[in-house]
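So you know, we letter chains A, B, ... as the sequences are listed, proteins then strands, and number each from 1. Note: hydrogens, waters and symmetry copies are ignored here, and every other heavy atom, side chains too, is used. What you see is a predicted model; the values in this text were computed from it and never measured.
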4 protein chains.
Amino acid sequence: MGSQERIKRVKEQRRADILDAAEKVFFSRGFDAKLSDIAEQAELAKGTIYLYFNSKEDLYFSVLLRGLDILAEMFEKAFDTTLSPVEQLRTYSTEYASYFREHRPFFRMLYRYEHPRIRTQVSPAILHQLSRRSKGLLTFVANAIKRGIHEGLFRSDLDPLQATVVLWTSLSGILREIDLNENDPLWSPSDLQAPLSSVNLEELYNLSFDLLLRGLSA
Amino acid sequence: MGSQERIKRVKEQRRADILDAAEKVFFSRGFDAKLSDIAEQAELAKGTIYLYFNSKEDLYFSVLLRGLDILAEMFEKAFDTTLSPVEQLRTYSTEYASYFREHRPFFRMLYRYEHPRIRTQVSPAILHQLSRRSKGLLTFVANAIKRGIHEGLFRSDLDPLQATVVLWTSLSGILREIDLNENDPLWSPSDLQAPLSSVNLEELYNLSFDLLLRGLSA
Amino acid sequence: MGSQERIKRVKEQRRADILDAAEKVFFSRGFDAKLSDIAEQAELAKGTIYLYFNSKEDLYFSVLLRGLDILAEMFEKAFDTTLSPVEQLRTYSTEYASYFREHRPFFRMLYRYEHPRIRTQVSPAILHQLSRRSKGLLTFVANAIKRGIHEGLFRSDLDPLQATVVLWTSLSGILREIDLNENDPLWSPSDLQAPLSSVNLEELYNLSFDLLLRGLSA
Amino acid sequence: MGSQERIKRVKEQRRADILDAAEKVFFSRGFDAKLSDIAEQAELAKGTIYLYFNSKEDLYFSVLLRGLDILAEMFEKAFDTTLSPVEQLRTYSTEYASYFREHRPFFRMLYRYEHPRIRTQVSPAILHQLSRRSKGLLTFVANAIKRGIHEGLFRSDLDPLQATVVLWTSLSGILREIDLNENDPLWSPSDLQAPLSSVNLEELYNLSFDLLLRGLSA
DNA sequence: TATGAATGAGCTTTCATTCAT
DNA sequence: GATGAATGAAAGCTCATTCAT
């Protein structure tokens, strides 16, 4: 019977609808969004949400998971064995910047302005998926670095994993700071002796990548 | 009148007492700490707190300000014109790591595990002070970099301000990640192909500094 | 049609299955048990339960009815015209105590730990059956008392029905108190001047019966 | 300063107001009453209730405590050393019946139609008080029985404590049954062979007392 | 007959902030 | 200045029951 299959499809669609609604609401209100708002946005009863997700936390992280998937897809698409390790890294860097530009709310969820508060209550299954996805992303970078070392382009004294984490974390840190400052500048440019307006935030990211790449180079 | 002055001193002392209490309580409970707990710790009535601080948010950021001051003092003490620019940067890096080790709760407040929305409600005066302190810190680094460029040690094509922000933000990102992972590892080591246990978190920071320094070098 | 009959038998079996499941679940969780747990225990869908019972309340009282039937059967088995009225009463008392010991969860349902408001929602048909069963039980006792009065063993000034109710209710009250105290002692022994540990709860029941029997005696 | 004292008086008055309101609401809705209804009845904000009582459960039992106190006072007033033990017991029995008539809602709370569900969450302090009050009541009865045994009026083979519990519990059981039947007859009179209308419920209580007293008598 | 997805009312407790004293 | 009693908004989750299939 296709009927069973159809039911399954309907359920998946409903789940997706809820995620769509949650995405919208979490984006504008953060984790503090009210469940009733999400239900309303999804045009469902509050109770229905709980048929698909065990808790608000699970729902939040499921949305986040989708965000990770988008980035992973971008990396996959950009994956090209014909590129040199340096070009590969530059590609990932560019993709990450695009993701930052085009999926800012996801970037924010990823960069956990709110996670530590929330993490405690998420179901292990979801955390596991999260971890798998993160691993996938880092692996792209790690492989490029390994190749670079192997080909003698990068310093042979580097631990490729350490280098990966440093690269990723530094770039993420920069993006995070850019995001923070665009929306809500903590250190306003004019407070520094030379006006920080001279600090083009988009350039900052490139500079950061270049510095690190140069640091990696043999 | 010395009396007026004494009154002022008493007020300042009371303010400091409240900050002491708040520090203790915010450290253990984060921003979710209850104001009544702070009041109790300060041996004052809840209402009294409001005679010295406009809101819980202001109080939180005032504590945070103290944390910034500690770091600033460390930088001041470490300031030494006889050092080369590279040695200066390394010194600041080391001081920052010490701060991270010895004043972790302050570091966390600074790097906002806490909800960014907290920021929305803080009085401008406090944000202004915050900004001034941050500027002070960055200036130490910026000056070293400027000297380095001037002395031909660092790339002359660098905007010293940009370089400062990149350096600072990257290192902060690494420390933040280290802190996050010590307490609540997101990407568990065993998930990466090579065990990440091989990634010594303390080394990570040094590697990060070295990569960036190498990137800066002429 | 034997087929029609078979269908009927199947329905009755299904009903019994549900009651079995409900019994198990109500015993362990009381009226607060979830209908979904009962459905799961019965290996049926929640909706199916409603094809056999009008409401959770009805289901609860149907289980209770079964409990009453067990007691009635015990009384029937113990019914023996060759016994003297006093011996008959003592037999019933003993049977009641056995029931209390061996079917505690039923006893509790009968004596309504559960909220009396549950009753409000039960269908009249079920309440009627409940009433018939109760009457059956009391009639055993009432007949013995009548015979006792008739034979001059018991006071002739007694209304046998009143006496029946008094006897039954008093014994039930004692058992209820025993049950309550075993599980959740309200007046802890040590609070009374002489330690109530000296009050053997099992003896209490016998004493109660003896006092009442002595009171009945001519 | 009488000021401190006045503040204390005001607080006590407020507490009493809340208890009054809670009493009214619990009487009509049972424990399922909504806290907001109680607050409204007391003309206070919901939060204020929690300044005086730790939980709904505590509030419920505090009301119950008042109910016990009323009964205790009735017993105290009725206490008269010039009465014979039998007259004393009869007095207590009468007082209990009056309490039942005049303070039915308290009787119901006492007889725990809802306790076992609730007990778990009450603060120990309140449970302790409850226990003390109960002990007080039983002691009145126990003393009379002891005297009766001592004076040779009651059977010397009786454990006075056991007898007390039997007497009290039986009478309570009868009253409980009367209450249940008045409001919501489980075994409707007409169901018994002889109409139970002949069973005057008020007489039942007296009969019960007489049977038990006769049972006690030497 | 059987299903099980959907519903949506229902409710306690916390805590920052105020303000009368 | 200091108090602390009073406020009242705010929100996640459950579960009996229904009804379209």
Side-chain angles (χ1 to χ4, degrees), chain A residues 3 6-7 10-11 14-15 18 31-40 42-57 59 121, chain B residues 7 10-11 14 31-40 42-60 121, chain C residues 7 10-11 14 31-40 42-60 121, chain D residues 3 6-7 10-11 14-15 18 31-40 42-57 59 121:
Chain A
S3 143
R6 207 196 52 233
I7 287 175
V10 168
K11 279 190 73 167
R14 178 73 30 121
R15 205 187 123 93
I18 294 175
F31 186 75
D32 286 342
K34 290 185 276 176
L35 217 89
S36 57
D37 287 345
I38 296 173
E40 195 180 13
E43 296 180 332
L44 287 171
K46 247 183 311 177
T48 309
I49 309 272
Y50 283 86
L51 296 176
Y52 294 85
F53 299 91
N54 292 319
S55 68
K56 194 185 171 188
E57 280 80 10
L59 181 52
Q121 326 232 25
Chain B
I7 287 175
V10 167
K11 277 190 75 168
R14 174 98 3 145
F31 186 75
D32 286 341
K34 294 186 275 176
L35 216 78
S36 59
D37 286 345
I38 296 173
E40 193 181 18
E43 296 180 333
L44 288 172
K46 253 188 305 180
T48 308
I49 309 262
Y50 282 85
L51 297 175
Y52 294 86
F53 299 90
N54 292 319
S55 68
K56 192 184 173 189
E57 279 79 10
D58 269 21
L59 181 52
Y60 186 82
Q121 326 234 25
Chain C
I7 288 175
V10 167
K11 277 191 73 168
R14 172 95 6 139
F31 186 75
D32 286 341
K34 292 186 278 178
L35 217 78
S36 60
D37 287 345
I38 295 172
E40 193 181 18
E43 295 180 334
L44 288 171
K46 254 188 305 179
T48 309
I49 309 263
Y50 281 85
L51 298 174
Y52 294 86
F53 299 90
N54 293 319
S55 68
K56 192 184 173 187
E57 280 79 10
D58 270 21
L59 181 52
Y60 186 83
Q121 325 235 24
Chain D
S3 144
R6 206 196 55 233
I7 288 176
V10 167
K11 280 190 75 166
R14 179 71 33 122
R15 205 187 123 95
I18 294 175
F31 186 75
D32 286 342
K34 291 185 278 176
L35 217 88
S36 58
D37 288 344
I38 295 173
E40 194 180 15
E43 295 181 332
L44 287 172
K46 251 184 306 180
T48 309
I49 309 273
Y50 283 84
L51 296 176
Y52 293 87
F53 299 91
N54 292 320
S55 69
K56 194 185 171 187
E57 279 79 10
L59 181 53
Q121 326 234 26

Whole angstrom value for the distance that separates [atom2] of [N] from [atom1] of [X]:
X     : N      : atom1 : atom2 : result
C/E57 : F/dC15 : CD    : C1'   : 13 Å
C/F53 : F/dT17 : CZ    : P     : 13 Å
C/I38 : F/dC15 : CD1   : P     : 12 Å
A/I49 : E/dA5  : CD1   : P     : 15 Å
D/F31 : E/dT12 : CZ    : C1'   : 10 Å
C/Y50 : F/dC19 : OH    : P     : 13 Å

For this session: With a 3.5 angstrom cut-off on both distances, give the Watson-Crick or G-U wobble partner of F/dT21, or none if there isn't one.
Result: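 WC or wobble partner is E/dA2.
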Problem set entry | B/L44 vs B/R14 side-chain heavy atoms within contact, under 4.5 Å |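 Touching, per the 4.5 Å side-chain cut-off.
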Exercise. Quick one: is C/S36 getting a side-chain N or O under 4.0 Å of the F/dC15 phosphate, OP1 or OP2?
Worked result: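 Result: no.
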Exercise. Phosphate oxygens OP1/OP2 of F/dA6: is one of them under 4.0 Å from a side-chain N or O of D/R14?
Worked result: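 Answer is yes, contact under 4.0 Å.
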Problem set entry | Closest-nucleotide ordering on DNA chain E, the 5'-leading residue of B/N54 and A/L44 |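 Nearer the 5' end of the strand: A/L44.
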Which nucleotide, [options], lies nearest any side-chain atom of [X]?
X     : options                : answer
B/K11 : E/dT13, F/dA5, F/dG1   : F/dG1
A/L51 : F/dT7, F/dT17, E/dA5   : E/dA5
D/L35 : E/dT17, F/dT17, E/dT12 : E/dT12

Problem set entry | 5'-most by nearest nucleotide on DNA chain F - C/A33 or B/A45 |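 On the 5' side of the pair lies B/A45.
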For this session: Tell me what B/Y52 touches on the nucleic acid: a base, only sugar-phosphate, or nothing, going by heavy atoms under 4.0 Å.
Result: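 The residue B/Y52 makes sugar-phosphate contact but no base contact.
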For this session: Please confirm whether any donor atom in the side chain of C/K34 sits under 3.5 Å from an acceptor in the base of F/dT14, or the reverse.
Result: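 Counting by modelled atom types and ignoring angles, no donor-acceptor contact under 3.5 Å is found here.
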For this session: Spell out yes or no: do the side chain of C/K46 and the base of F/dT17 have one donor N/O and one acceptor N/O closer than 3.5 Å?
Result: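 Yes.
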Exercise. So, for D/F53 and D/R15, which heavy atoms are closest and what is the spacing to 0.1 Å?
Worked result: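 Shortest heavy-atom separation between D/F53 and D/R15 comes out as CE2-NH1, 3.4 Å.
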For this session: Compare every heavy atom of C/L35 with every heavy atom of C/K56, then report the nearest pair and how far apart it is.
Result: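 Closest pair (atom of C/K56, atom of C/L35, distance): CG-CD1, 3.7 Å.
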